Amino acid sequence: MRILVSNDDGYFSEGLAALVDALTPLGEVTVVAPDMERSGASNSLTLDRPLTMRRAPNGFYRINGTPTDCVHMAVTGLLKWQPDVVVSGVNHGANMGDDTLYSGTVAAATEGYLLGIPSLAISLAYGAEGGTPERERSQSLYFSTAARVAADLVKRWQYRPFLGPSLINVNVPDRPYEALGGLKVTRLGRRHKAEPVIRATNPRGETVYWVGPAGPVADAGEGTDFHAVAAGWVSLTPLQVDLTHYPQMDALRSWVSS
């Protein structure tokens, strides 16, 4: 297999290293990742400046752009072959519910999907959402668990391909692999609106703003990614890119014609 790996935490991240270690036995792994953390970059492409690619000491390729840039450049020009699968991650934190709209991890996988390649976004959901609360946060996170789940899914695809290009968002509880409940197919949950921006003053006396934290969970009922991960299951959510609000189309036609 030829596997293209990317992420949004940067080519130096612990989650990326764990993912590459888990996928390497399955085939030829090539990493093209951002040269710095680009969390929250979503599906942005860099169009206002040229991009550069360099080989990092760990052998990974690093690009001074977004996660979407990395996958787009790799597939459309840098690689001399078409990947069999794109795997993005392992993200440092969950990408569930509305968070998927902002996630650079999901965006890298989405770009692979848009280019016709089966793609997985893998995130480690640590903290209150499915983690192990009694474990001190100073201890290492279970990136190896999420990486092993990713390898399991790639192996499953290798021997039983999913029909057509697919985009699957995967969230793995932060616990030992043996403590996982298994795989559960879910829908995205929902959050309440985001908290207000945080106003601060920098050392020069200028007013600056930090984006506020995400809103609390609004829909974490049974069947959602939030519910599955909190119960110790690996959440698998199939995503699509069509944003058309079909139920409103007739109402909009009526509105513009009146």
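No experiment lies behind these values; they were computed from the predicted model shown.
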Peer 1: Can any side-chain N or O of T66 pair as donor or acceptor with the backbone N or O of S44 at less than 3.5 Å?
Peer 2: yes
Peer 1: When you group the ILVMFWY residues by side-chain heavy-atom contacts below 4.5 Å and let the links chain together, are L239 and V90 in the same group?
Peer 2: no
Peer 1: Got a donor-acceptor contact below 3.5 angstrom from the T24 side chain to the V20 backbone?
Peer 2: yes
Peer 1: What's the verdict on side-chain contact (heavy atoms from CB on, under 4.5 Å) for L114 and H72, showing C-alpha distance, side-chain angles and the deciding distance?
Peer 2: CA-CA 9 Å; L114 290 174; H72 186 86; over 6 Å; no
Peer 1: Under 4.5 Å between any side-chain heavy atoms of V172 and L180, yes or no?
Peer 2: yes
Peer 1: CG/D35 to CZ/R54 distance, rounded to the nearest 0.5 angstrom?
Peer 2: 8.5 Å
Peer 1: I need the single residue from S88, S39, S123 that forms a side chain to side chain donor-acceptor pair (under 3.5 Å) with N95. Which is it?
Peer 2: S123
Peer 1: Considering non-hydrogen atoms only, spot the tightest contact between R175 and A179 and give its length.
Peer 2: CD-O, 3.5 Å
Peer 1: Do other residues, nucleotides or ligands put more than 12 heavy atoms under 6.0 Å from the CZ atom of R187?
Peer 2: yes
Peer 1: Can you find a heavy atom in the side chain of F226 that is under 4.5 Å from one in the side chain of R191?
Peer 2: yes
Peer 1: Can a donor-acceptor pair be found between the side chains of Y61 and R55 at a distance below 3.5 Å?
Peer 2: yes
Peer 1: Which pair of non-hydrogen atoms, one from T68 and one from S42, has the smallest distance, and what is that distance?
Peer 2: OG1-O, 3.6 Å
Peer 1: Centres of the H92 and F143 rings: under 6.0 Å?
Peer 2: yes
Peer 1: Heavy atoms, side chains only, cut-off 4.5 Å: are S144 and Y177 in contact?
Peer 2: no
Peer 1: Does CZ in R49 sit with more than 12 non-hydrogen atoms of other residues, nucleotides or ligands closer than 6.0 Å?
Peer 2: yes
Peer 1: State, to 0.1 Å, how close A151 and L23 come at their nearest heavy-atom pair, and which atoms those are.
Peer 2: CA-CD2, 3.8 Å
Peer 1: Answer with yes or no whether the side chains of N7 and S13 bring together a donor and an acceptor at under 3.5 Å.
Peer 2: yes
Peer 1: Would you say V86 and L115 make side-chain contact, with heavy atoms under 4.5 Å?
Peer 2: no
Peer 1: Let's go through D152 and L183 carefully: what are the C-alpha distance in whole Å and the side-chain angles of both, what is the deciding distance for side-chain contact (heavy atoms from CB on, under 4.5 Å) to 0.1 Å, and is it a yes or a no?
Peer 2: CA-CA 11 Å; D152 290 345; L183 305 176; over 6 Å; no
Peer 1: So T145 and D174, do their side chains get closer than 4.5 Å, heavy atoms only?
Peer 2: no
Peer 1: Test side-chain contact (heavy atoms from CB on, under 4.5 Å) on V32 and V71; report intermediate values, then the result.
Peer 2: CA-CA 7 Å; V32 183; V71 174; over 6 Å; no
Peer 1: Under 3.5 Å, is there a donor-acceptor pair between the side chain of S119 and the main chain of I117?
Peer 2: yes
Peer 1: Which heavy atom of F60 sits nearest to which heavy atom of Y11, and what is that distance?
Peer 2: CD1-O, 3.4 Å
Peer 1: What are the two closest heavy atoms between W233 and G181, and how far apart are they?
Peer 2: CZ3-O, 3.1 Å
Peer 1: With a 4.5 Å heavy-atom cut-off, do P67 and T105 have their side chains touching?
Peer 2: no
Peer 1: Determine whether the side chains of D69 and T46 contain a donor N or O and an acceptor N or O closer than 3.5 Å.
Peer 2: yes
Peer 1: Using every non-hydrogen atom in the two residues, find where E37 and F12 come nearest and quote the distance to one decimal.
Peer 2: N-CZ, 4.1 Å
Peer 1: Could you state the interatomic distance from CG (L19) to CG (L120), rounded to the nearest 0.5 Å?
Peer 2: 9.5 Å
Peer 1: Quick one: do E111 and N43 satisfy side-chain contact (heavy atoms from CB on, under 4.5 Å)? Show the steps, please.
Peer 2: CA-CA 8 Å; E111 188 64 16; N43 297 86; 5.6 Å; no
Peer 1: Quick check: does any side chain N or O of T30 sit under 3.5 Å from a backbone N or O of L4, one acting as donor and the other as acceptor?
Peer 2: no
Peer 1: Checking T186 against T237: is there a side-chain donor and acceptor pair closer than 3.5 Å?
Peer 2: yes
Peer 1: Can you check whether D99's main-chain N or O pairs, donor with acceptor, with S103's side chain at less than 3.5 Å?
Peer 2: no
Peer 1: Are the side chains of P238 and S166 in contact, using a 4.5 Å heavy-atom criterion?
Peer 2: no
Peer 1: Do the side chains of Q248 and L252 get nearer than 4.5 Å, heavy atoms only?
Peer 2: no
Peer 1: Can a donor-acceptor pair be found, under 3.5 Å and without considering hydrogens, that links the side chain of D225 to the backbone of G189?
Peer 2: yes
Peer 1: Are any side-chain N or O atoms of N64 and backbone N or O atoms of T52, one a donor and one an acceptor, separated by less than 3.5 Å?
Peer 2: yes
Peer 1: Evaluate whether atom CE of M36 has more than 12 neighbouring non-hydrogen atoms of other residues, nucleotides or ligands under 6.0 angstrom away.
Peer 2: no
Peer 1: In terms of heavy-atom contacts, does CH2 of W255 have more than 12 from other residues, nucleotides or ligands at under 6.0 Å?
Peer 2: no
Peer 1: For the CZ atom of R2 and the NZ atom of K80, what is their distance to the nearest 0.5 Å?
Peer 2: 11.5 Å
Peer 1: Between D84 (side chain only) and I3 (backbone N and O only), is there a donor and an acceptor less than 3.5 Å apart?
Peer 2: no
